[in-house]
Every structure is written in structure tokens, then in C-alpha cells.
Protein chains: 2
Amino acid sequence: MSFVSSNEFVPDSIDGQSGHFRVLAEHFSAFVCLSNAEMKLLGDLAEAARYHPPYRDLYVAGASPPPPRMIVAGWACQYRLLPDGHRQIISLKLPGDLIWPLMQVRLPSSCAVAALTELETVSAQPLIEAAASADPIHPGLAHATRVMAHLHDMLLYDQIVRLGRQTACGRFAHLMLELRERLGRVGLVDSDSFAMPLTQDVLADVLGFSVVHVNRTVQQLRRERLLDVRNGQVVLLQPERLQELAGWAPLPGLSVETKTAKRSLATESRTKSEH
Amino acid sequence: MSFVSSNEFVPDSIDGQSGHFRVLAEHFSAFVCLSNAEMKLLGDLAEAARYHPPYRDLYVAGASPPPPRMIVAGWACQYRLLPDGHRQIISLKLPGDLIWPLMQVRLPSSCAVAALTELETVSAQPLIEAAASADPIHPGLAHATRVMAHLHDMLLYDQIVRLGRQTACGRFAHLMLELRERLGRVGLVDSDSFAMPLTQDVLADVLGFSVVHVNRTVQQLRRERLLDVRNGQVVLLQPERLQELAGWAPLPGLSVETKTAKRSLATESRTKSEH
DNA sequence: CGCGGTGTTGACAACAGTCAATTACTGTGG
DNA sequence: CCACAGTAATTGACTGTTGTCAACACCGCG
């Protein structure tokens, strides 16, 4: 899988096939130790990448779900259009991500999926089948795929918290921290810096802002020397302060459990007198 | 299952056991036709309801997930607390809903779960097992459970769109329409009116508002005679106008497919010149 | 009767969207 | 090499929305 096969239907190969395998291998290895047979399966998948041009819909809301695929290069998103013309991006899909998380049942989704950049995907059918099986041939792939599905849900929760309860800067910082973590799992982060091929227009639809306000927020974070976003490159200048600003907490169960004081709803004392 | 068994650990029985069975049966029947054996299984489950007092945590974020349970009476919610003391409710859990949607793998969730009212739940273990099995003994239960999991994801998408891109009134109206639909599936809606046992404080944390703004929004909708919320009872006065206001679209695949003009991201023309 | 929780209201300030214009960057063709 | 067009980023002015604070009304309950 280290050779680059002829790719006649791949106008601009974003990355070599070996890069595709690397993404898959790194992403799965982040959750589980794979056997040689499982590695080989990923290698086989990586050889049959399919190209998708940028800004093209991969799935239209309400349609019958196509066979599942996994991104090996490029970014995509899941989004919804409102009658008034507004768009909300539900989630960003990065290399290593499954495009349709819905694996339990083949029902149409209320969200469309579109490529945000040039995109290359491979079939995820074997992974889905492994994860659905009670006694899978490839237990490592099965487990990792289930973990990824769980992580997808956690990301949706994060997105809800961002949109519902965070300030502009906190929202932006939180998203950048999420991207660093996710891209880090597939080896696309280099010392708190990573490529983010999103226009401010797209960022606005992720964060629930107007384009202008995305810009204002970037300016402010830049002025305060917390992070820099420029030419599709993000640099986290002060990750610790960003985490504080964003109320960032690492996902439980993946890294070490943080023993921060957990306040329950019952004992919640968000009363007026507290301030 | 029509008799009411002695319930010593149920201080205030919200509803008889037969009511519990009714909720389960109606919810599953909304998606699939159940066999007699499957009905019997639900009946057995309904007899062993467990009581939870209001405003008590059922699950603390980061903890190891307990065995899955399904609500048969009362409301609960999944929520997250931020370091600054703010709370965001991720999703509301109504009668018929699974409390932990995460069925693929037993990993800790980043969100806590709390009862919002007096609550009664039954074990959902048989349902989870059926849904996980490739060749389940109870195919109806299996399929319905998978559909519910899918619906849970769709609800998260709706929540994201509400928080990200809808106006205050639209947000509120959208939530009320969602509740009508969900409660309608378990027979808890009576001609566009239903019980909603939520304080405005809780609504604020669902909708990402301040309490004051929830109140303002309710007032406005009431003034415009679109809906009325009073004493824990919601009345949708003009459902059609509310749907328009909320940009409401029925979920694809469940009811008839609406053939509204779908605009793709690629052909999107939300340009400046359009206005 | 007083108390605590909830709902309601008004005043004010902070935040965020809209509009419109300008600048920066890119690739194209001459 | 430059002019040009098109996209993206940036900025300022203004408006509308939403949060905060503070006070008050209502209600069930002891």
C-alpha cells in the first residue's frame, strides 16, 4: 500500500494513498491496538479512495442513506438549511471521520452532507459491519468504530453547549481546541498549530455567528495573543488560557479523568445571592 | 398487566402500572407493529418500575454508565454544567425515551442526567440487547429501538439548529412543536395541548436564554395569540403559524416526505445581491 | 402571617446582526 | 509586467436583540 496507483478519476490527489492509510491507521490506533489483519484491511480500504470536488453535496437531506464512507483527506460538514436561507452546520467531518454516523438503521437524515474542500473517502462498510456484529472477525476495528460513534455524540453535545451557553470568544476557542484534539488523533497537528481550510463564512455557520462577528472574534483573540488564524492555519498561542476561556474539559474516559468538583443539578446553587 | 401491584418504594405513584405499559406500547407502536410476545415483554418491564425523586441526578458526568433505562412517567434531562456556573440542557427526556442513548459502547458521557419531575423508569436492557443483536428474538422491539436511537440524533440536530440559527420566538415555537410531536407519540397530547412540567428556569437552560428572556418570549407569543403557556400546560393556538415561524419540517422517513425545494450547499445563493 | 419558589416587568448595558464600503489576496489574460 | 475580476477578509456605523439587575406580584404551604 505504499505505491501510488494510477488515479484517473482523482484530478488533484490531495495526498498519496500511503497518506490515506496513515490517517486510517492513526485514527484507529488512537483508540485501540489493531492486529496485522486489521491493519491490512485498512490498507486495502485506503487503496480504493474516491474523490469528491469541493462544495459539492455528498448527501441531500431526506434522501435514502448511501453506503457509509470514511474521510481520508479533506474536510466535510453536516448541515441544515432553514427556510429563511440561513444555514447551520451541525458538525465538521475531518480525516478519519465517518461521514454518516447513523449506523443503527438506514433512515434518512434531516441534515445534508457537503464537502468543504477537495475530499477523498473510502468505503466504511467493513467497519460498520464489524461494529454491528456481536462477535466480529475484527474486534479491534469493531470497538474503535463504536468509540468513534460515541465520540460523535460527545461532539454534538459540545456543539450544543457552545451554541447555547458560551461567549463569542469562548465559542471560537472551544471549537479550535476541539479541532486540535480531533486533528491530533490523525497526526495533523504540529505543536499547537494546524491547517483549517475554512472560510469565515463557513465558521460563521458552524458557530452560529454572522460572518462579521466571526471576524471581530478572530481579531479580538488575535489582539489578546491567545491564538492566530491566518491563511487557513491556526496557531494556539496560549493553549492553557484558551482552555480556561472556553471552559474546556477533556472527554471523560479517553484521557485521564479530571477530578474537578462536579456540581449536580440537585445541589446546584446558581442563585442570585452567589454573585 | 392491568392490575396495580403493591409499590412500597414508590412514594407518589404518578400513574398506575397500566399507564406505564400504555406509554411503552404506544411509543413502540408509533414505529412498528409489535407481536404478542413483544407486547408481553413490555408488559413485564412495566411492572418493575423504579421511582426517582425530582431534581435528583440519575447520572453524573464522567461516571461509568449504569444499565440502560426507559422513562415511563415524568420528565428528565441531559445537561452539562460550565465552570462559570451556567447550565445547558442538551436534551429533554420524555416518557418512552431511553435515558442513555449511548448503546454502542459503555463509555462515560460528558453530560449528566437528572430528573426534572417525579420520575418512573423501567429497565431497557432487553431492548438494548435486541437492538444490538443481528438476528434478534424480538425484531419489532429491535427495530423500534434503533429508530428511537436515530430519532435521538435527529433531535440533537434540531437542538443545534435552534440554538445556532433561530430567533427567540422561533426557538421557543420549535421546541413546543417538537414536544407536541414527541408527546403525541405516547398519547400525551390532547388537541394541540399538553402538560409541560418545566419552570422557565429550566426552559432557559434548554433554549440557551436567560430566564427573563424566556418570559419575554412567552409573553410575546401569548400576545400574538400563537400559543399559551400557563400552569405547566401548553396550548398551541395556531399550529400552522407556529410551524411557519419555527421553520418546522417534519422528520424525513417518518411521515410523508415533504417535497420542499431543497437547496444544496453548492448551488447556495445566499449572496448579498439576493436581498 | 411570613416564606420561598416562580412568574413578571422595566431600565439599562452589553452583545451581535446588518449594511456598506474598503482592503488583501489570488489567478487570469493581455 | 500590469490590469482586472472574483473571492475572502476587514472595518465602521448603526440597529436590534439579549443579558443583567432589581423590584414586584402571585401562589402554595407551613
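Everything numeric here is computed off the predicted structure, so don't read it as measured data. So that the names make sense, note that chain A is the first sequence line, chain B the second, and so on, each numbered from 1. Side chains are part of it too, since the values below use all heavy atoms of this structure and drop only hydrogens, waters and symmetry mates.
You'll find the side chain of Leu179(A) stays beyond 4.5 Å of the side chain of Val234(A), heavy atoms only. A heavy-atom distance below 4.5 Å is not found between the side chains of Gln78(A) and Tyr59(A). Between Leu226(B) and Leu245(B) there is a side-chain heavy-atom pair separated by less than 4.5 Å. You'll find the side chain of Cys77(A) stays beyond 4.5 Å of the side chain of Val202(A), heavy atoms only.
Rounded to an integer number of Å, the gap from Gln200(B) CD to dT9(C) P is 10 Å. One can place CG of Leu163(B) at 14 Å from P of dA16(C), the figure rounded to the nearest angstrom. Rounded to an integer number of Å, the gap from His86(A) NE2 to dG17(C) C1' is 9 Å. In this structure, Arg171(B) atom CZ and dA16(C) atom P are separated by 12 Å, rounded to whole Å. Rounded to an integer number of Å, the gap from Arg162(A) CZ to dA16(C) C1' is 19 Å. The nearest whole Å value for the distance from the CZ atom in Arg165(A) to the P atom in dC15(C) is 16 Å. Atom CG in Leu207(A) sits about 17 Å away from atom P in dC15(C), given to the nearest Å. Summarising the geometry, the separation between CG on Asp201(A) and P on dA8(D) is reported as 7 Å, rounded to the nearest angstrom.
Residues forming a side-chain hydrogen bond (donor to acceptor under 3.5 Å, both in side chains) with Gln243(A) (at least two apart in sequence, or on another chain): none. Remark: Arg162(A) pairs with Glu178(A) by the salt bridge (charged side-chain N to carboxylate O under 4.0 Å, His left out) rule, at least two apart or across chains. The salt bridge (charged side-chain N to carboxylate O under 4.0 Å, His left out) search around Arg171(B) returns none, not counting sequence neighbours. Under the rule for a salt bridge (charged side-chain N to carboxylate O under 4.0 Å, His left out), the partners of Arg230(B) that lie at least two apart in sequence or sit in another chain are Asp228(B). Asp192(B) meets the salt bridge (charged side-chain N to carboxylate O under 4.0 Å, His left out) test with Arg180(B); sequence neighbours excluded.
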Readout for nucleotides 21-26 of chain C: B = base within 4.0 Å of protein heavy atom, S = sugar-phosphate only, - = neither; 5' to 3' it is ------
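Under the ring pair (Phe, Tyr, Trp, His ring centres under 6.0 Å) criterion, the residue pairs touching residues 158-207 of chain A are His174(A)-Trp248(A), with sequence neighbours excluded. Listed by first then second residue, pairs satisfying ring pair (Phe, Tyr, Trp, His ring centres under 6.0 Å) with a partner in residues 206-231 of chain B read Phe209(B)-His213(B), not counting sequence neighbours. Pairs engaging residues 236-245 of chain B under the salt bridge (Lys or Arg N to Asp or Glu O under 4.0 Å) rule: none recorded [sequence neighbours left out].
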Please tabulate, one pair per line, each protein N/O and nucleotide N/O from nucleotides 25-30 of chain D that are separated by under 3.5 Å, including the distance.
none

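When distances are taken from the side chain of Ala168(B) to each of dT6(C), dA9(D), dT18(D), the shortest belongs to dT18(D). Comparing dG17(C), dG19(D), dA9(D) against the side chain of Phe209(B) picks out dG19(D) as the nearest.
Of the N and O atoms on the side chains of His152(A) and Ser91(A), not one donor lies less than 3.5 Å from an acceptor on the other residue.
Backbone-only engagement by Gly208(B) is indicated by non-hydrogen atom pairs under 4.0 Å involving sugar-phosphate atoms exclusively. Ser210(B) comes within 4.0 angstrom of a base, heavy atoms only.
The line from CG of Leu92(A) to CZ of Arg182(A) is 6.5 Å long, rounded to the nearest 0.5 Å.
Direction change of the helix axis from one end of the helix from dC1(C)-dG30(D) to dG30(C)-dC1(D) to the other is 20°, with five pairs defining each end axis (rounded to 10°).
Of the residues in residues 211-224 of chain A, those lying under 4.0 Å from DNA chain C by heavy-atom distance are Val212(A), His213(A), Arg216(A).
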